[in-house]
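Down below is the structure, laid out as structure tokens.
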Number of protein chains: 2
Amino acid sequence: MYPLDYKTLDDNEIEKLIKKMIEISRNKGIKVTTQRILVFKELLKHTKEHPSAEELYERLKYKIYGLSLSTVYRTLTTFEKLGLVRRIPTSDGKAHFEIANKPHGHFICQNCGKVFDIDDIEPSLDSIKILLEEKGFRPQICNVICYGFCHKCN
Amino acid sequence: MYPLDYKTLDDNEIEKLIKKMIEISRNKGIKVTTQRILVFKELLKHTKEHPSAEELYERLKYKIYGLSLSTVYRTLTTFEKLGLVRRIPTSDGKAHFEIANKPHGHFICQNCGKVFDIDDIEPSLDSIKILLEEKGFRPQICNVICYGFCHKCN
DNA sequence: ATTTCTGCAAAATTTTTGCAAGAGG
DNA sequence: CCTCTTGCAAAAATTTTGCAGAAAT
């Protein structure tokens, strides 16, 4: 296991987080559907993979008969607004998505395109946020995206 | 002038940087065309505006008769490969571009969409790069993109 | 019962590409 | 001259939207 691999959640933790998602949705009048549960679960199960909407659709269309790509897009946007999912804009022309867990950075391999988490950068993120606040901005989300070569492609 | 405004280059500095671009292009066998000079100059003149390809095209089509959007895209990709221009992937679905000057971060207003530079974060960027190298990655470019509300929209 | 959500197809947006004509070194 | 670049139109790729039927509360 490489240092930047994201820790995998066990089934227990996944169930707990789904319950939390359901609670948050209900509180906001957002309906809980099979599609939403399974998109969320798929992101939870493969947090470190940062799939695109298309990738999520490809995996889930076998589990949800008749699932459409537009539903996946709408679901991800809904979760993003709820603060449950983060969108990662990248140079490859499509957005990638992840569960909105502890803030961290992303490293994208210029050769194989894989997205890795960069953990342990909270001190850096905090100092950037403080800098922004001092200058009159009100930062909400700070993304760090680095491009380069991963251990395999190096 | 707000603290994050990027310093404007005077005509003298712009001419010097264009000469440098021409030199770098010639060294790599890249031809120097009117289109390329004017796209580069436009970016130099409005470095802090981070225009999209479409915006650059809209501004330059009056200066270059018959200019096409695809040329702007190709030009920007060429400059990116030469290391002269940086692509900034954002959540708004289109790429923005800037002259590849001193590394800095970007702040995007969630309300008005404006892109601001965040200067003085080199220490943070350096520590992230060191962290990545320690973990076996070879980072080339590190982007910091923060979303939130600017002074006007706050 | 009411509101929200989904699937489908169609549209909108952004970016890329093939090719003949044109410009640069 | 030879090669690279441009413009045009067409295509590709990603994301959004309208609407009727289905599902959730």
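Computed over heavy atoms, backbone and side chain alike; hydrogens, waters and symmetry mates excluded. Residue numbers start from 1 in every chain, and the chains themselves are labelled A, B, ... in the order their sequence lines are given, proteins ahead of strands.
For DNA chain C, the span of nucleotides reached by chain B at under 4.0 Å from its heavy atoms goes, 5' to 3', from dT14(C) to dG25(C).
Within residues 71-81 of chain B, the residues having any heavy atom closer than 4.0 Å to DNA chain D are, in order of number, T71(B), R74(B). Looking at residues 30-37 of chain B, you'll see I30(B), K31(B), T33(B), Q35(B), R36(B) sit with a heavy atom under 4.0 Å from some atom of DNA chain D. For residues 51-67 of chain A, proximity to DNA chain C is found at G66(A), L67(A), defined as any non-hydrogen atom under 4.0 angstrom from a strand atom.
Comparing D92(A) and S70(A) along DNA chain D, the residue whose closest nucleotide (by nearest heavy atom) sits nearer the 5' end is D92(A).
For the residue pair R87(B) and S91(A), the shortest heavy atom distance occurs at CD-OG, 3.9 Å. Nearest heavy-atom pair, S127(B) versus S124(A), reported as atom, atom and distance to 0.1 Å: OG-OG, 3.3 Å.
Salt-bridge annotation for K94(B) and E54(B): absent, with no side-chain N of the basic residue lying under 4.0 Å from a carboxylate O of the acidic one. With respect to E122(A) and K129(A), no salt bridge is recorded, no charged nitrogen being found less than 4.0 Å from a carboxylate O. Salt bridge annotation for D117(A)-K102(A): absent, with no cationic side-chain nitrogen under 4.0 angstrom from a carboxylate oxygen.
Within 6.0 Å of NZ in K61(A) there are more than 12 heavy atoms belonging to other residues, nucleotides or ligands. Other residues, nucleotides and ligands place more than 12 heavy atoms under 6.0 Å from the CG atom of D10(A).
Note on ring orientation: taking the six-membered ring where Trp is involved, the planes of F137(B) and F116(A) are perpendicular (angle over 60°, cut-offs 30° and 60°).
A ring-centre distance under 6.0 Å is not found for H50(B) and F97(B).
Remark: C1' of dA24(D) and CZ of R26(A) are 9 Å apart, rounded to the nearest angstrom. Regarding K28(B), its NZ atom lies at a distance of 17 Å from the C1' atom of dC4(D), rounded to whole Å. The distance between atom CZ of F40(B) and atom C1' of dT5(D), rounded to the nearest whole Å, is 18 Å. Note: CG (L38(B)) to C1' (dT5(D)) measures 15 Å, nearest angstrom.
Each end of the helix from dA1(C)-dT25(D) to dG25(C)-dC1(D) gets its own rotation axis from five pairs of C1' atoms, and the angle between them is 40° to the nearest 10 degrees.
Residues K31(A) and S25(A) have side chains not in contact (no heavy-atom distance under 4.5 Å, counting atoms from C-beta outward).
At a cut-off of 3.5 Å, with distance as the only test, a side-chain donor of E98(B) or H104(B) sits close to an acceptor on the other residue.
Applying the ring pair (Phe, Tyr, Trp, His ring centres under 6.0 Å) test to F40(A) and every residue at least two apart in sequence or in another chain returns F79(A).
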